[in-house]
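Throughout, residue positions are numbered sequentially from 1 according to the sequence presented.
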Amino acid sequence: VKATCCCTHPGELARVGGGAAARSATDAGLPVDVSRSATAAAWAGQCPVAVENAGVEVARVAGVGLTVCDVAVRAWHRTRVGLPALGVRALVDELVAEEGAAALAREETGAGGLRDRAVAATLAEGLLRAEALARVTVPDEAAMARWYSAHSDDFQRPARVRARWAILRTERAARAAIAALAAGETDFEAVLAQSIDPLRARDHGDLGELRREEVPSAVGGGVVEAAFALGSDGAVAERPVRVSVTTMVTVRRRQRARRVAGWAVVQRIGRREAEVLPLESVRRRVQHRMMRERYESAREAAGARWEERLRPQVEAAIDARALGTVRVTPRE
């Protein structure tokens with residue numbers, strides 16, 4: 001067959017998502033050139049690709065034939081939605097599995113006249129989900145205790161330190177402030193009056209609780225480490241830390257926000273050590289994760305059972321030579 005495809009796909013292609021730039025579908029194992037200016041996302045109508053040997057049937061599932069065009073359109077579809085590329089055989093296997101699931105869904109529901117692949121596939125997924133949910137049970141207290149014991153590392157709260165800073169313009173000024181604080185000649189509130197970080201100065205320089213695992217970009221790792229190194233509440237770091245902050249500066253008599261460098265005087269306010277959260281405080285999280293794991297296991301088992309039922313019905317005769325001759329070009 002030496003004809004280009006002129007079919008329509010109103011159901012299947014209406015589901016194609018947009019936004020991601022199309023990639024060359026040659027990566028999928030097909031000699032395909034997918035246009036980057038391809039049709040709009042909510043496209044439906046004439047086939048978006050021109051295909052040689054379009055009508056050649058490469059597989060038949062429960063009486064439904066899958067053609068070279070179906071394989072080419074699936075390759076085009078995957079590039080449009082940004083899915084990983086697949087080889088020819090994998091594309092055919094994916095179509096066969098979907099068509100087989102749809103056939104079983106029609107059989108299960110008695111909807112023998114249902115031929116829209118998208119609707120049938122959605123129905124099949126719904127049946128699988130329902131079968132899986134029917135087998136999921138709520139874990140009892142003993143099961144939750146065992147699961148929590150095996151996953152207690154997931155419920156650790158890391159060490160946190162609460163600190164504040166005052167940012168001075170020069171290192172010399174910051175060192176002088178640290179020396180005056182150490183000698184008891186001034187207090188931190190007086191140093192804050194010189195801070196070039198007006199937003200936090202209004203909050204007494206409070207940085208909130210800091211963790212090594214999640215360093216705020218506006219604070220920086222140097223400040224966090226300096227705060228953790230302090231041995232007691234009220235202690236001030238011996239050396240200032242170079243930082244940059246957004247502050248208001250006057251440019252041509254106008255106030256403008258600018259990123260400026262400065263030196264932070266860091267004081268520790270409090271500290272909480274690492275701890276493992278007790279089961280009582282994370283009971284709902286434990287139950288949710290256990291239910292999710294049980295559902296995923298049941299969903300996998302349901303899929304395996306369906307595959308066992310489908311295998312006698314699905315006989316896919318794949319013509320690799322015909323697929324190797326496929327040439328796809330985008331329609332203008």
Side-chain angles (χ1 to χ4, degrees), residues 14-20 41 77-78 80-86 90 93-94 97-98 100-102 104-109 111 117-163 206-219 221 224 227-228 269-311:
R15 297 182 291 118
V16 173
H77 187 161
R78 293 182 70 88
R80 286 285 291 172
V81 299
L83 293 173
L86 292 178
D93 287 345
E94 187 177 84
E98 288 183 7
L104 189 55
R106 290 192 290 267
E107 176 188 315
E108 290 282 327
T109 60
R117 183 179 298 159
V119 176
T122 301
L123 178 59
E125 177 59 29
L127 291 172
L128 280 172
R129 186 181 296 113
E131 183 176 333
L133 287 173
R135 294 174 178 268
V136 175
T137 58
V138 178
D140 57 26
E141 291 296 322
M144 283 197 291
R146 290 193 299 271
W147 190 96
Y148 171 80
S149 178
H151 298 83
S152 58
D153 290 347
D154 296 344
F155 300 97
Q156 287 189 352
R157 179 177 289 168
R160 290 145 291 159
V161 64
R162 187 167 185 178
D206 194 351
L207 299 173
E209 286 192 334
L210 304 173
R211 297 187 296 173
R212 287 191 172 103
E213 293 76 13
E214 296 181 14
V215 176
S217 59
V219 175
V224 173
F228 269 96
I269 301 174
R271 175 167 177 149
R272 289 197 283 183
E273 298 300 331
E275 59 180 333
V276 178
L277 299 175
L279 175 59
E280 290 72 20
S281 66
V282 293
R283 184 178 305 278
R284 292 186 64 181
R285 289 167 58 188
V286 169
Q287 186 181 74
H288 175 77
R289 286 185 54 179
M290 290 185 69
M291 293 287 285
R292 170 57 60 181
E293 288 181 4
R294 290 185 175 191
Y295 168 76
E296 290 175 353
S297 177
R299 172 65 178 78
E300 185 177 347
R305 287 192 295 272
W306 274 47
E307 285 185 14
E308 287 297 324
R309 294 179 60 185
L310 282 170
R311 192 168 290 118

Item checked: Any residue meeting salt bridge (Lys or Arg N to Asp or Glu O under 4.0 Å) with Arg211, in chain and number order, not counting sequence neighbours -> Glu214

Check: What is the minimum heavy-atom distance between Ser281 and Pro278, and which atoms define it?
Finding: OG-O, 2.9 Å

Next item on the list: Quick one: pull up CD in Glu213 and CG in Leu210 and give me the separation to the nearest 0.5 Å.
Entry: 11.5 Å

Next item on the list: Return the set of residues passing side chain to side chain donor-acceptor pair (under 3.5 Å) with Arg212 (not counting sequence neighbours), or none when no residue passes.
Entry: Glu225

Next item on the list: Taking salt bridge (Lys or Arg N to Asp or Glu O under 4.0 Å) as the test, write out the residues that go with Glu296, two or more places apart.
Entry: none

Next item on the list: May I ask you to decide whether Arg289 forms a salt bridge with Asp154, counting only side-chain N to carboxylate O separations under 4.0 Å?
Entry: yes

Next item on the list: Nearest 0.5 Å please: distance from the CZ atom of Arg157 over to the CD atom of Glu275.
Entry: 5.0 Å

Using atom types as modelled, flag every donor-acceptor pair under 3.5 Å from a side chain in residues 132-148 to any protein atom, sequence neighbours excluded.
from	atom 1	to	atom 2	distance (Å)
Thr137	OG1	Arg294	NH1	3.0
Asp140	OD1	Ala142	N	3.3
Asp140	OD1	Ala143	N	2.8
Glu141	OE1	Arg283	NH1	2.6
Glu141	OE2	Arg283	NH1	3.1
Trp147	NE1	Glu293	OE1	3.1
Tyr148	OH	Leu277	O	2.3

Note to self: Which residues pass the side-chain contact (heavy atoms from CB on, under 4.5 Å) test with Asp153, not counting sequence neighbours?
What the structure shows: Gln156

Check: Can you list every pair that meets ring-ring contact (aromatic ring centres under 6.0 Å, His included) and has a residue in residues 276-295, with sequence neighbours left out?
Finding: none

Item checked: Sequence-distant partners of Glu273, side chain to side chain donor-acceptor pair (under 3.5 Å), two or more places apart -> Arg271

